[in-house]
Amino acid sequence: MYALWNTLGLDEPNMRWVLFGTAFLSAVSAWVGTFTYLQKKSLLGDAIAHGILPGVAGSFLLSGQKNAAYIMIGALVWGFLTVLAIEWITRKSHLKPSTAMAIVLSAFFGLGMMLLTQIQNSGLPDASGLQSFLFGQAASLLPSDILVYSIFALVALIVLLALYRSLTFVSFDKAGAQSMGFSPQTSGTVLSILVVIATAIGIQSIGLILMAALLITPAAIARMWSQRLWTMLMLAGGIAAVSAISGSLISFSGKSMPTGPWIVMVLFFIFGFSVLFSTHRGLVQRAFQKRKNRQIIQRENLLKALYHLREQKGEQAEFTFEEIQKKRMFSENDLQRILGMLKRKKWVLQGKNGWTLSGEGLNEGRRITRLHRLWELYLSQKMRLKEDHIHPIAESMEHIITEDLEAQLLHELDYPELDPHQKRIPYDTPAKS
Amino acid sequence: MNIWVLIHAIIISLSCSLAGAFLVLRHRAMLADAISHAVLPGLVIAFLITGSRNTPGMLAGAIAFGFLCIFLVEFFKRKVKVTDDASIGITFTSLFAFGIILVSKYAEQVDLDQECVLHGEITFSALQRMHFPFTQWMVPNTFVTSVFTLLAVVLVLLAGYRGLFITSFHPEYASSIGISIGFWHYLSSGVASMVTIVSFEAVGAILVIALMVIPSATAWLISRRLPEMLWKTTMFAITGSVAGFYLAIWLNVSIAGTIAAVLGVQFAMVLILKGSFRHRSIH
């Protein structure tokens, strides 16, 4: 363990600075990203990240050195220019913001490329180091760089906290916020400024090409696991910090490995994991739920079929597979499986000549039949639907009507005796006369 | 500087801008951004397997990743309920990051570096020459592919004009008369990814976006009908790449970057001047 610690260079205080620094910077970016995610402006981060290249290259060209403070100033200036240019285009033309973003990001990035090649031709001593701004090289960070970026990150964090309430309000209820006097213009501008800072602070560790991932992915992951803004922010921050640290460590261990792509890969793994297993949007959970629902529906349909058979053939009768299948089509396999399941629950009994409902099964079958017929009656009486239209709707509604809704239906229909097809509506206790 | 490089740049800009026009009309401009980043791993993997450039394998690999990108964007959006633009952002950053890792891991074999992914190397592509089919002209290697791509784009445009037109402007009407919006969406994105891949090596990821989006957006500002918009798109693409090319040579800087910047300046000028002429545009 200690050897690993050493090989990764963690015994050097410099390295620890770098790791904790990038973790903090990434968390701040993810917090800002959470709000852009909620306001569906995620790609603004990508546009700004590409758009600041002329600022980075320009400040290098003017100052002749790779100084974090100058680079930060250049990045912020061009970040704001990017935002202004996008707003100008959307205001002056009919083009959508996304088109405006694509225009500005590619044109500004092209300008940045011109400056970069100019720098390479100029033969300035630090010129090769500029590569690290494109794809990130966390190892190239000095403690003094981290200090500069962290100061800006702190500013962003303070603004975020100060405006937490209004940002939240606008994110979840834009119209409401507007009617309460929050100007959407102002809050949009504030958010754009925050995105500019959040993007600029990451350019040296993540690199500006992939910076967008740090604003978008943690927020999207957090959204899959939580329904509350506060937990979402905590999660997004944590995920960003963890991926920043692990991405940096992976890139330190390989030669000439850029940091940014590894951080993005770690983020993508967490994202993929969440897509599969998240608690309320995960594919596995949803497939599981779907299966469970299908089982419940099949079970209820079978109980209903048995109840109908019992209505027709009398209470003592036992029913064979063929009789059940004639009543309602189940495949042989399904029927076997569902009956087995119901038998284990003791809702059906297996007699000499076939199957019959137990007391509990009877209650359940009666309940489903009652709900079906009540809903049919409701549809024909209150919704005035034709009698031949109502059966399929009731077929699906019978599985989802809750007890409350049933009580309401009974009250509304005044405890009816017959459904529209002149069949008796069965009650557990004798119906009110 | 070689005249073939300029002609090559013009041909690439024509196919990119025409293919991009329908993304712009559908307000899917950022999909150009996504595709141009997402094809990188396909290029690298195909290169590692086949061991050479400019092979059908490389094309196939990149097209596969282009479609993977479009598919993932739709998948995350519909099945996982990630917001539209976040789904684009997550997909392309991840695929691009994967591509960059491959490039830096196999740098010696791949003969691509991180920077040329962004710049492209249109000037270097002029160094390897071959005969243009049926002629005596010695043209850059990738030139032939670019010419056929342009032909393919024009063919798809002519053959699918009505479908593209109707699904871009009246999607509801189109689906009500039984035209599949999905098919035309995938077709226009598919053409866009094909063009991206062919142009990627010459002009790099970012200029591809600029070429796909900016000329058609510029033309859209001052056009009332689709054919008018399309020919203006080609005009802006040509003027932008010619002016950018000579400016880059004069300043001795990145050709791809300069063309992108000049296209941006063109757009800004048209947008400023438009106000004084009071044009109405198609919506």
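Note: Pro261(A) leads Ser278(A), Gly260(A), Ala107(A), Pro261(A) in heavy-atom pairs under 4.5 Å with chain B. Contact tally against chain B (heavy-atom pairs below 4.5 Å) for Leu267(A), Ile216(A), Ile263(A): the top residue is Ile216(A). Interface remark: of the candidates Thr36(A), Leu115(A), Leu210(A), Leu111(A), Leu210(A) forms the most heavy-atom pairs closer than 4.5 Å to chain B. Contacts with chain A were tallied for Ala32(B), Ala86(B), Gly264(B); Ala86(B) has the most, counting heavy-atom pairs under 4.5 Å. In terms of non-hydrogen atom pairs under 4.5 Å with chain B, the most contact-rich of Lys41(A), Met114(A), Gln118(A), Met265(A) is Met114(A).
Aromatic ring centroids of Phe98(B) and Phe268(A) lie 6.0 Å or more apart.
In this structure the side chain of Ile100(B) reaches within 4.5 angstrom of the side chain of Pro258(A), judged on heavy atoms. A heavy-atom distance below 4.5 Å is not found between the side chains of Thr83(B) and Arg223(A).
Contact annotation for Leu263(B): neither backbone nor side-chain heavy atoms come within less than 4.5 Å of a heavy atom of chain A. Only the side chain of Met224(A) comes within contact range of chain B, with heavy atoms under 4.5 Å apart. Looking at Leu44(A), there are no atoms closer than 4.5 Å to chain B (heavy atoms on both sides), in backbone or side chain. The contact between Ile103(A) and chain B is made by backbone and side chain atoms together, counting heavy-atom distances below 4.5 Å.
The two atoms that bring Ala268(B) and Trp88(A) nearest to each other are O-CH2, 3.9 Å, heavy atoms only.
Summarising the local packing, NZ of Lys96(A) is surrounded by 12 or fewer heavy atoms from other residues, nucleotides or ligands at distances under 6.0 Å.
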